[in-house]
Amino acid sequence: MEKNWENILAPYEQAVTELKVKLRGIRKEFREKNEHVPIEFVTGRVKPVDSILAKSKLRNISLDRLESEMSDIAGLRIMCQFVEDIYEVVKILRSRKDMKVIVERDYVTNSKQSGYRSYHLVIEYPIQLVEGPRDLLVEIQIRTLAMNFWATIEHSLNYKYQGDFPEEISDRLIRAAEAAYRLDEEMSSIREEIQEAQHLFSHGKRTGYTINQTNETPRKELHDD
């Protein structure tokens with residue numbers, strides 16, 4: 001009997017939608033408190049059916065065990081400016097009462113052999129359906145913008161080469177991953193200065209004023225509507 005994938009995946013779509021709203025709510029809270037926002041932006045998706053089938057075959061997961069054994073049918077990515085923000089977000093998610101962290105994998109400190117870095121969480125997230133409550137597994141990947149750029153390129157190349165990279169490409173990817181992480185480290189070293197500048201810029205945008213470097217009286221910026 002053919003499965004009704006639309007019905008199977010609908011709860012996962014709901015989970016992704018709800019979590020995106022909640023994570024964006026966290027961003028709003030930080031902004032309203034006039035504090036540094038550890039979440040730059042959030043994306044989410046439900047795994048396509050062909051990818052689910054391919055992974056279930058690869059991992060030998062029967063289709064009736066997908067809900068309990070495939071943790072990334074629903075997935076979210078949280079992008080951060082700084083490495084320190086990643087751990088702040090992890091701390092926030094651990095403390096939430098509306099989800100339960102059940103698996104953590106720190107590929108930021110312990111990168112994969114390929115050079116991949118990210119922080120992975122698998123959470124148990126309760127949703128409310130017409131037939132009652134249901135707990136679903138959701139994977140959340142938390143990474144910096146530099147890590148995300150590298151991972152996006154690596155994913156595209158992986159699709160092209162089907163995981164069998166030429167040695168030269170593999171070596172270059174590793175060097176690129178190291179360069180991306182050095183960039184993150186450099187940004188972290190001047191994080192306070194960057195955050196101060198962003199705070200001044202954001203405050204100036206909200207008030208419509210800018211302050212020049214000679215500490216003169218703030219002047220009104222003219223903007224075309």
Side-chain angles (χ1 to χ4, degrees), residues 12 16 19-20 23 38-61 65-66 68-94 101-125 136-191 194:
Y12 292 96
V16 168
L19 284 165
K20 284 165 69 177
L23 291 167
I39 297 174
E40 185 71 5
F41 63 90
V42 179
T43 62
R45 62 96 183 105
V46 171
K47 207 174 191 68
V49 174
D50 57 346
S51 297
I52 293 173
L53 293 174
K55 187 169 183 177
S56 65
K57 183 177 180 181
L58 180 66
R59 301 286 177 85
N60 195 28
I61 302 173
R65 302 199 317 271
L66 287 177
S68 60
E69 296 188 22
M70 193 174 291
S71 61
D72 64 342
I73 295 177
L76 289 101
R77 284 184 186 149
I78 301 174
M79 252 57 73
C80 306
Q81 287 189 331
F82 304 103
V83 172
E84 292 82 359
D85 292 339
I86 293 175
Y87 293 100
E88 177 66 19
V89 172
V90 171
K91 181 180 175 182
I92 290 169
L93 296 182
R94 283 192 197 124
V101 176
I102 58 175
V103 176
E104 293 190 42
R105 299 186 182 96
D106 184 354
Y107 298 123
V108 177
T109 303
N110 305 293
S111 63
K112 291 188 177 182
Q113 188 175 358
S114 64
Y116 174 86
R117 293 181 190 269
S118 186
Y119 202 108
H120 290 199
L121 298 176
V122 176
I123 65 168
E124 194 174 71
Y125 180 72
L136 294 179
L137 298 179
V138 179
E139 183 181 74
I140 301 177
Q141 299 176 358
I142 312 163
R143 55 179 69 152
T144 64
L145 298 170
M147 292 173 192
N148 189 62
F149 173 70
W150 184 93
T152 301
I153 298 302
E154 193 268 350
H155 181 75
S156 300
L157 289 171
N158 191 56
Y159 183 81
K160 176 181 179 180
Y161 292 108
Q162 296 297 302
D164 188 18
F165 292 122
E167 185 176 353
E168 181 186 2
I169 297 294
S170 181
D171 289 343
R172 288 187 173 186
L173 277 172
I174 291 172
R175 290 199 298 272
E178 291 169 350
Y181 195 63
R182 285 198 300 273
L183 173 61
D184 279 331
E185 289 181 320
E186 287 295 328
M187 292 298 102
S188 289
S189 71
I190 55 172
R191 180 166 56 105
I194 293 170

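All residue numbers in this chain count up from 1 along the given sequence.
- A salt bridge is absent between R59 and E69; no separation between the charged side-chain nitrogens and carboxylate oxygens falls under 4.0 Å.
- Each of L76, L93, V42 was evaluated against L19; a single residue qualifies, L76, per the side-chain contact (heavy atoms from CB on, under 4.5 Å) test.
- In this structure, CD in E185 is found 13.0 Å from CD1 in I190, a value given to the nearest 0.5 Å.
- The shortest non-hydrogen separation linking A151 to R143 is CB-NH1, 3.5 Å.
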Could you go through V101 and V90, starting from their C-alpha distance and side-chain angles, then the distance that decides it, and tell me whether this counts as side chain to side chain contact (heavy atoms under 4.5 Å, CB included)?
CA-CA 10 Å; V101 176; V90 171; over 6 Å; no
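- Between R182 and E186 there is no salt bridge, since no side-chain N of the basic residue sits under 4.0 Å from a carboxylate O of the acidic one.
- At most 12 non-hydrogen atoms from other residues, nucleotides or ligands lie less than 6.0 angstrom from CZ of R172.
- Side-chain contact between N158 and F165: present, with at least one pair of heavy atoms (C-beta onward) separated by less than 4.5 Å.
- Between K55 and D72 there is a salt bridge, since a side-chain N of the basic residue sits under 4.0 Å from a carboxylate O of the acidic one.
- When all heavy atoms are compared, the tightest approach of S188 to E84 is OG-OE1, 2.9 Å.
- Looking at every heavy atom in both residues, A177 comes nearest to G115 through CB-O, 3.4 Å.
- Here the side chains of V16 and Y125 are not in contact, with every heavy-atom distance at 4.5 Å or above.
- For the atom pair CD1 (I52) and CD1 (I61), the distance works out to 10.5 Å, reported to the nearest 0.5 Å.
- Contact check for V89 versus Y119: no side-chain heavy atoms found under the 4.5 Å cut-off.
- Counting heavy atoms from C-beta on, the side chains of Q141 and N148 never come closer than 4.5 Å.
- Looking only at atom types and distance, the side chain of Y161 has no donor-acceptor partner in the side chain of S170 under 3.5 Å away.
- Separation of atoms NZ (K47) and CG (L53) is listed at 11.0 Å; rounding is to 0.5 Å.
- Taking all atoms of both residues into account, the shortest heavy-atom contact from Y181 to V83 is CE1-CG2, 4.2 Å.
- Note that CZ of F82 is 9.0 Å distant from CD of E40, once rounded to the nearest 0.5 Å.
- Around the CZ atom of R65, the shell of radius 6.0 Å holds more than 12 heavy atoms that belong to other residues, nucleotides or ligands.
- Not one N or O on the side chain of R117 forms a donor-acceptor pair closer than 3.5 Å with the backbone of D106.
- Here the shortest heavy-atom pairing between I142 and C80 reads CG2-SG, 3.7 Å.
- Formation of a donor-acceptor pair under 3.5 Å by the W150 side chain with backbone atoms of L173 is found in this model.
- Side-chain contact between N110 and R105 is absent, with no heavy atoms from C-beta onward closer than 4.5 Å.
- To the nearest 0.5 angstrom, M147 atom CE is 13.0 Å from T152 atom OG1.
- Summarising the geometry, atom CD1 belonging to I123 is positioned 10.5 Å from atom CD belonging to E139; distances are rounded to the nearest 0.5 Å.
- Taking the side chain as every heavy atom from C-beta outward, T144 and I86 approach each other to under 4.5 Å.
- The nearest pair of heavy atoms linking D85 to P38 is CB-O, 3.5 Å.
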